[in-house]
2 protein chains.
Amino acid sequence: MKEKIDRLTIGKLATASNVSVETIRFYERKELIKQPEKQGGFRYYPTDLIKKIWFIKRSQELGFTLKEVKELLELTVKKKSRCNDILIRTETKIDEINEKIKDLKRMKKSLEGLAKCCDSREMPLSDCPVLDCFIDSK
Amino acid sequence: MKEKIDRLTIGKLATASNVSVETIRFYERKELIKQPEKQGGFRYYPTDLIKKIWFIKRSQELGFTLKEVKELLELTVKKKSRCNDILIRTETKIDEINEKIKDLKRMKKSLEGLAKCCDSREMPLSDCPVLDCFIDSK
DNA sequence: ATACACCCCGTACCATGGTACAGGGTCAAC
DNA sequence: GTTGACCCTGTACCATGGTACGGGGTGTAT
């Protein structure tokens, strides 16, 4: 059992990164992670990848899609990258989030309006104006 | 050209409802719309369906998934349905929306925090603390 | 030297909401 | 009676983020 540093099997990497083996293979297919060469029958992963997977997961929590995460990862590798390159993406994402919040608030308002259409909860639905409100709202 | 009322071909229905023919077929597959029997070589749709499709589209705008819209449509058909049945779903949806808004606001806050990590936009990314912030933020 | 956990690869499948064909058939106008 | 626009069915495909599985190969501990 010589478990060299920087020689994680995919299973060890998965455990260490708290994702499934399948997820790692999925990231490989999506080219977020480079698949290492086979050494004998198995492929071995550097421990660096634990941090990388953490970055991927954190980026997802921040609202980035995997496609966008891929771009972020590419930025972190390129020598020419400026801080600005990340900031631009961050600001764009904030704008997108603001848009989504606006959408959700609009929906919420309409739904709240709907609820007011109903006079009595136990009324048969066919007699209640709520369905008309549904259609007419906005 | 005898275009009887209540005898829309799928194409006419699509045009009248402002969706594509494929979308109507998709709704049929998902059982939101009942596929009419064939009369000769074609199927003919009642004009009622224009309103129904409008309802589907409006429900989607309000944040309901097609699965949920299907349930709503089933409610509107059942004799026993009460107004309450719709209100419950509306209130549940409002709660879900509130949760999503909360999530988005959390993301936004983290992203805004990130932006503050950077001292100078033109700094090479490798020298900038922004990536560490990315990882460490919350 | 053999068991057994683990790895490899390919492929199919899940939900969500559609879109896009191909290869036929039909209706209706002219 | 033929053209042309429309319809029919089935199936595959798109993005998104994975999950699942079968059938085989391998590394290592005992």
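What you see below is based on every heavy atom in this structure, not just the backbone, and it leaves out hydrogens, waters and symmetry mates. These numbers come from a predicted model, not from an experiment.
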Check which hydrophobic residues are tied to B:F42 through side-chain heavy-atom contacts below 4.5 Å, counting indirect links as well, and list them.
B:Y44

Classify the nucleic acid contact of B:E28 as base, sugar-phosphate or nothing, counting any heavy atom under 4.0 Å across all strands shown.
nothing

Would you say the side chain of A:R43 lies within less than 4.5 Å of the side chain of A:Q39, judging by non-hydrogen atoms?
no

For residues B:F64 and B:K93, report the shortest heavy-atom separation together with the two atoms involved.
CD2-CE, 3.6 Å

Mind calculating the distance between CD (B:Q39) and C1' (C:dC27) to the nearest angstrom?
14 Å

In this structure, how many angstroms lie between the C1' atom of C:dC8 and the OH atom of A:Y44, rounded?
12 Å

In whole angstroms, the gap separating P of C:dC27 from NZ of B:K38 amounts to 10 Å

Check: protein-nucleotides 3-7 of chain C nitrogen or oxygen pairs below 3.5 Å:
unit_1 : atom_1 : unit_2 : atom_2 : d
C:dC7  : OP1    : A:T9   : OG1    : 2.6
C:dC7  : OP1    : A:G11  : N      : 2.7

B:C133 and B:C117 SG atoms under 2.5 angstrom apart
yes

Please determine whether side-chain contact (heavy atoms from CB on, under 4.5 Å) holds for the pair B:S59 and B:L72, giving the CA-CA distance in whole Å, both sets of side-chain angles, and the decisive distance to 0.1 Å.
CA-CA 9 Å; B:S59 302; B:L72 291 176; 4.2 Å; yes

Determine, step by step, whether A:I33 and A:I53 satisfy the side-chain contact (heavy atoms from CB on, under 4.5 Å) criterion, reporting the C-alpha distance in whole Å, the side-chain angles of both residues, the deciding distance to 0.1 Å, and the verdict.
CA-CA 9 Å; A:I33 288 176; A:I53 291 168; 3.8 Å; yes

How close do A:Y45 and A:T9 get, heavy atom to heavy atom, and via which atoms?
CD1-C, 4.1 Å

Side-chain ion pair, B:K100 and B:D103, N-O less than 4.0 Å
no

When the nearest nucleotide of DNA chain C is assigned to A:Q35 and to B:G40 on a heavy-atom basis, which residue is associated with the more 5' position?
A:Q35

Determine, for nucleotides 13-19 of chain D in 5'-to-3' order, which nucleotides have protein heavy atoms under 4.0 Å from the base (write B), from only the sugar-phosphate (write S), or from neither (write -).
----BBB

